[in-house]
Amino acid sequence: QVQLVESGGGLVQAGGSLRLSCAASGLTVSDYAMGWFRQAPGKEREFVSAIIRSGYSPYYAASVKGRFTISRDSAKNTVDLQMNSLKPEDTAVYYCAASGSFRPSRATDFGSWGQGTQVTVSS
């Protein structure tokens with residue numbers, strides 16, 4: 001069965017960096033569009049970034065563009081999210097997800113989800 005396991009979350013000061021990793025089993029990340037979402041308390045789950053099957057042209061939410069970078073390691077079957085210049089408003093649970101769609105960005109486009117990893121940015 002498909003399993004996505006996120007790691008790398010934690011507590012960091014504003015301006016700091018974290019690198020999240022999503023380890024996949026039961027699917028090959030290069031066969032899917034892979035994405036990251038986040039959900040803050042009391043808010044809806046929101047799109048952060050995704051990378052399509054070809055690995056080219058990753059895309060980002062406006063709120064993280066220029067600060068976050070998504071990457072894929074086909075050999076390790078992982079998808080990472082490098083987060084720099086973190087802000088308190090980046091605080092959320094971050095989820096990895098897989099989609100069979102070409103260029104997904106809605107949560108409903110993604111059929112497989114990880115359990116999430118907490119990121120807390122202190123001011």
Any chance you could lay out the side-chain contact (heavy atoms from CB on, under 4.5 Å) test for Tyr56 and Ile51, step after step, and finish with the verdict? CA-CA 7 Å; Tyr56 294 109; Ile51 186 166; over 6 Å; no
Is the NZ or CZ atom of Arg53 positioned over Phe102's six-membered ring, under 6.0 angstrom from the centre and within 45° of the axis? no
Tell me whether the NZ or CZ atom of Arg106 lies within the 45° cone about the ring axis of Phe47 and under 6.0 Å from its centre. no
Within the side chain of Asp90, is there an N or O that forms a donor-acceptor pair under 3.5 Å with the backbone of Val121? no
How far does [atom1] of [X] sit from [atom2] of [Y], to the nearest 0.5 angstrom?
{"X": "Leu81", "Y": "Thr117", "atom1": "CG", "atom2": "OG1", "value": "11.0 Å"}
{"X": "Ser63", "Y": "Arg38", "atom1": "OG", "atom2": "CZ", "value": "4.5 Å"}
{"X": "Ser105", "Y": "Tyr59", "atom1": "OG", "atom2": "OH", "value": "6.0 Å"}
{"X": "Ser49", "Y": "Lys65", "atom1": "OG", "atom2": "NZ", "value": "10.5 Å"}
{"X": "Glu6", "Y": "Cys22", "atom1": "CD", "atom2": "SG", "value": "5.5 Å"}
{"X": "Ser101", "Y": "Ile52", "atom1": "OG", "atom2": "CD1", "value": "12.0 Å"}

Can you name the one residue among Asp73, Ile70, Leu4 that meets side-chain contact (heavy atoms from CB on, under 4.5 Å) with Val79? Ile70
Under the side-chain contact (heavy atoms from CB on, under 4.5 Å) rule, what do Leu20 and Met83 come out as? Steps first, then yes or no, please. CA-CA 8 Å; Leu20 306 183; Met83 306 186 296; 3.7 Å; yes
Geometric class of the Phe110/Phe37 ring pair [parallel <30°, tilted 30-60°, perpendicular >60°]: perpendicular
Any donor-acceptor pair under 3.5 Å linking the side-chain atoms of Asp80 with those of Gln82? no
Within a strict 4.5 Å, meaning less than it, do heavy atoms of the Ser30 and Arg72 side chains meet? yes
Answer yes or no: is there a side-chain heavy-atom contact under 4.5 Å between Gln118 and Thr91? yes
Please answer: with hydrophobic residues joined when any side-chain heavy atoms are less than 4.5 Å apart, are Val48 and Tyr95 in the same cluster? no
Dump the intermediate steps for side-chain contact (heavy atoms from CB on, under 4.5 Å) on Tyr60 and Thr69, then the final yes or no. CA-CA 8 Å; Tyr60 303 89; Thr69 303; 3.8 Å; yes
Could you walk me through whether Ser25 and Val2 pass the side-chain contact (heavy atoms from CB on, under 4.5 Å) test, one step at a time? CA-CA 6 Å; Ser25 59; Val2 174; over 6 Å; no
